[in-house]
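Step one of this worksheet: look at the structure below.
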Amino acid sequence: MKKSKKKPVTEQYAVEFADNRLMAALSGPHQKNFARLEQRLDIRITQRGNRIALSGAERQRGAAILAALYARAEAGESITLAEVDSEIRFTDGSRAQTPGAIRTAAARLTRPRSPAQSAYLELMREHPLVFGIGPAGTGKTYLAAAYGAHMLYQRKVERLILSRPALEAGERLGFLPGDLKEKIDPYLRPLYDALFDVLGEQATRLIEQGVIEVAPLAFMRGRTLSRAFVILDEAQNTTAAQMKMVLTRLGEDSQMVVTGDPGQSDLPGGRPEGLAEALSILEGVEGVGIQRFSDADVVRHALVSRIVRAYTAKGR
């Protein structure tokens, strides 16, 4: 007589949440948030009311992530797949890190979405000059704009000044119609996008009042920027002379963040790159912080990270 084989007992880790009304926000539409956790951590999630059971090797890590997401839902934040991915990045299996949120407007919070972004935010809190260096999609400009908006909201600065070189990305656009503002706006659109995302419609009013200024790099010469938060974006497209010029604009009670991707320079051949020179000269100088991002820190579409990795592997 054959003995029947016993099915292996699957260990579970259960967590129960207090407010049943928040479970829909936690699980997401059609339980997409749970599905993302199951896929990324190779676990199984079962929900009954406000009780969730998790099975799999990473079940406790999954429970910690759910607890962090539930806390966000309690605070009135929306829980999207981006927030799920963010919390996954902030756990290492043994402990959960808590990314600090910054308030950019009365009803708006921004959180770092990776440990590198969290370190970047800490550098901005501690240093008057910070460099954010790395590939596209790592949130360098976005988080700098969010922190600048936070400084405005906290009344720690009086102005937010955003600048970038007006240089085409590998193509000549020719004559652009309109007045000066209309000519330079296409080059500065990424900065406007970041501002409207972290401030909402309030950004329009602040721009009209001159509290927020978006200007091409050429307009910075001769100025002293006091009580301001300054962002220089696309710094890989600055020459050595331009970089020195803009870094020496800092005035009393001001702070500057310089962002760039050394792998995407559009400078004509033979011209010295200001970003690379500044990094080699200023690394280790007191008051200067440098945060380097990699393809692992990309927070856009998951495919962007793989694209960056593929190009890097080919030396491009």
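In this structure a side-chain-to-backbone donor-acceptor pair under 3.5 Å is missing from Ser254 to Phe229. Remark: side-chain polar atoms of Thr239 are not paired, donor with acceptor, to backbone N or O of Gly274 under 3.5 angstrom. Checking side-chain atoms of Arg59 against main-chain N and O of Gly56 turns up a donor-acceptor pair under 3.5 Å. Judged by distance alone, with hydrogens and angles left aside, the side-chain atoms of Arg292 form no donor-acceptor pair with the main-chain N or O of Ile133 at under 3.5 Å.
Atom CZ of Phe219 is separated from atom CD of Glu213 by 9.5 Å, given to the nearest 0.5 angstrom. Going from atom CG of Leu54 over to atom CZ of Arg61 covers 13.0 Å, rounded to the nearest 0.5 Å. Rounding to the nearest 0.5 angstrom, the gap separating the OG1 atom in Thr110 from the OH atom in Tyr142 is 4.5 Å. We find the CG-CD distance between Leu37 and Gln31 to be 11.5 Å, quoted to the nearest 0.5 Å.
Leu195 places a side-chain heavy atom less than 4.5 Å from the side chain of Val214. Using a 4.5 Å heavy-atom cutoff, the side chains of Glu74 and Leu22 are in contact. Looking at heavy atoms from C-beta onward, Val257 lies in side-chain contact with Met124 at the 4.5 angstrom threshold. Side chains of Leu69 and Asn33 form no contact here, defined as non-hydrogen atoms less than 4.5 Å apart.
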Criterion ring-ring contact (aromatic ring centres under 6.0 Å, His included) on Tyr120 and Phe293, from CA distance to verdict: CA-CA 9 Å; Tyr120 183 43; Phe293 296 87; 5.3 Å; yes
Steps toward ring-ring contact (aromatic ring centres under 6.0 Å, His included) verdict (Tyr153, His150): CA-CA 5 Å; Tyr153 180 77; His150 170 72; 7.4 Å; no
Residue pair Gln236, Glu234: steps toward the side-chain hydrogen bond (donor to acceptor under 3.5 Å, both in side chains) verdict: CA-CA 5 Å; Gln236 75 277 2; Glu234 299 289 344; 2.5 Å; yes
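Transitive grouping of hydrophobic side chains (ILVMFWY, heavy atoms separated by less than 4.5 Å) brings Met256 and Met245 into a common cluster. Leu282 and Met243 fall within the same hydrophobic cluster, defined by Ile, Leu, Val, Met, Phe, Trp and Tyr side-chain heavy atoms under 4.5 Å apart, directly or through other members. Residues Met23 and Leu81 are members of separate hydrophobic clusters, defined by side-chain heavy-atom contacts under 4.5 angstrom among Ile, Leu, Val, Met, Phe, Trp and Tyr.
For the pair Lys244 and Glu277, the salt-bridge criterion is not met [side-chain N within less than 4.0 Å of a carboxylate O]. Salt-bridge check for Glu83 with Lys32: failed, with every basic side-chain N at 4.0 Å or more from each acidic carboxylate O. Taking 4.0 Å as the cut-off between side-chain N and carboxylate O, Asp85 and Arg36 count as a salt-bridged pair. Under a 4.0 Å N-O distance rule, the pair Glu58/Arg40 does not qualify as a salt bridge.
Looking at Asp233 and Thr141, their side chains do bring a donor and an acceptor atom within 3.5 Å of each other.
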